[in-house]
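In each ligand, atom 1 is the first atom listed, and ligand 1 is the first ligand listed. Position 1 is the first residue of the sequence; numbering continues from there.
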Amino acid sequence: MDLDAKIAELKAAFEKDAATVPAEQLKSRYLGREGRVRDLFVLLKSVPPEQKGAAGQKLNGIKAEFERRVEELGRTKAVAAAAGALDLTLPGRAPEFGRRHPIYSTWDAIGRVFMKLGFDVVYGPEIETEANNFEALNIPLDHPARDGFDTFYVEPPYLVRSHTSPVQIRTLRSRKPPIRVIAPGKVFRPDKPDAGHSPMFHQVEGLLVGPGITFAHLKGVLDLFAKSMWGPATSIRFRPSYFPFTEPSAEVDVSCFICGAKGCPVCKGSGWVEILGSGMVHPRVLENCGIDPEANTGFAFGMGVERIAMLKYGIPDIRRFTENHFAFLKQF
Ligand code: DAH
């Protein structure tokens, strides 16, 4: 019996099968417990003892070679299968894009209107002094807003600002009239969270100061603002009000942009929704900042961004803005 001839024969058979037989079958056919390599090992018994060592080595060699070939074939097949799975006609999977939070897109929309009118955007710190947040704004010590329940205090004289109005003070002290700024930012109040209250929310403050500024200018600017935000059919109305830092003061309503002022749940049937507080800057505020109230007058206003966004998108609960629910945020 010629072992070499048998090995050569097996090799030829293996090569032939390798072209058509899947790697797994090839493995069991040649290398399995009843495979063809094993058949050759059985023949080893009849090899004369002095030749056994060399014959065994040859058989181990062929076994190792088949193992390597089977593994190689398996790998090539896997790559080919993966290539076959790549269907170039399938539609692509679109990546998820991030988007602007509804508060910031509302903030942007407000900012765009005033920037077109030449207002600069200025920012103030969220930690303020009691003096800037209250005193300089003519909010006396005994004013109810000074009560600990309405303001987060840090350590005297610092507090967390309860409105963006202190940015008026910073601006009046650092710029000379004519002054034309809006100041967007976060404000904080220790209110119990509910559908209409959040301990943090956003405001946009406005301030315009110069010689000869009148209430008519305030009306004109806010009317233009409302028409730019909600369309040319929008009108505004002023209701007398009180703020310590303005005199006279007014609350401003816009004709309901949800129902066209016909009456709906948003405007509670009245046709009007309140959007901001405003007024003529109190002479004492100008004086506190070193500006002569005889030479300059001005107006100011402050609006809540959440409120405007809620009205714009029909969002019934202010807490939605800070919950980070993906399904909610994806709508905008
Ligand atoms: N600071 C006021 C608030 O937080 C809003 C406000 C009212 C701002 C009248 C103003 C203003 O500038 O003139 O409720």
Contacting atoms of ligand 1, where contact means under 4.0 angstrom from a heavy atom of [X]:
X      : result
Ser165 : 1 (N), 8 (C)
Arg189 : 3 (C), 4 (O), 14 (O)
Gln203 : 3 (C), 4 (O)
Ala300 : 12 (O), 13 (O)
Thr246 : 13 (O)
Gly279 : 13 (O)

Would you say [X] and ligand 1 have an N/O pair spaced under 3.5 Å apart?
X      : result
Gly206 : no
Gln168 : yes
Phe243 : no

Does only the side chain of [X] get under 4.0 Å from ligand 1, or the backbone, or both, or neither? Count heavy atoms.
X      : answer
Phe245 : side chain
Ser278 : backbone
Met280 : neither

Do Phe201 and Val305 come close enough that some side-chain heavy atom pair is under 4.5 Å?
->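 No; the side chains remain at least 4.5 Å from each other.
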Side chains of Cys289 and Ile169: does their closest heavy-atom pair fall under 4.5 Å?
-> yes
State whether the number of non-hydrogen atoms from other residues, nucleotides or ligands found under 6.0 Å of Glu50 atom CD is greater than 12.
-> yes
When the ring planes of [X] and [Y] are compared, do they come out parallel, tilted or perpendicular, using 30° and 60° as the limits?
X      : Y      : result
Phe225 : Trp230 : perpendicular
His202 : Tyr104 : perpendicular
His143 : Tyr242 : parallel

Take every heavy atom of Met303, measure it against each atom of ligand 1, and state whether any distance is under 4.0 Å.
->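 Judged by the 4.0 Å heavy-atom criterion, Met303 does not count as contacting ligand 1.
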Does a donor on one side chain sit under 3.5 Å from an acceptor on the other, for Ser162 and Asn133?
-> yes
If two hydrophobic side chains count as joined below 4.5 Å and joins carry through other members, does Leu207 share a cluster with Ile213?
->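 Leu207 and Ile213: separate clusters.
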Gap between atom NE2 of His163 and atom CD of Glu128 - 0.5 Å precision | 8.5 Å
Starting from atom 12 (O) of ligand 1, which protein heavy atom do you reach first, and at what distance in Å?
-> Glu205 OE2, 2.6 Å
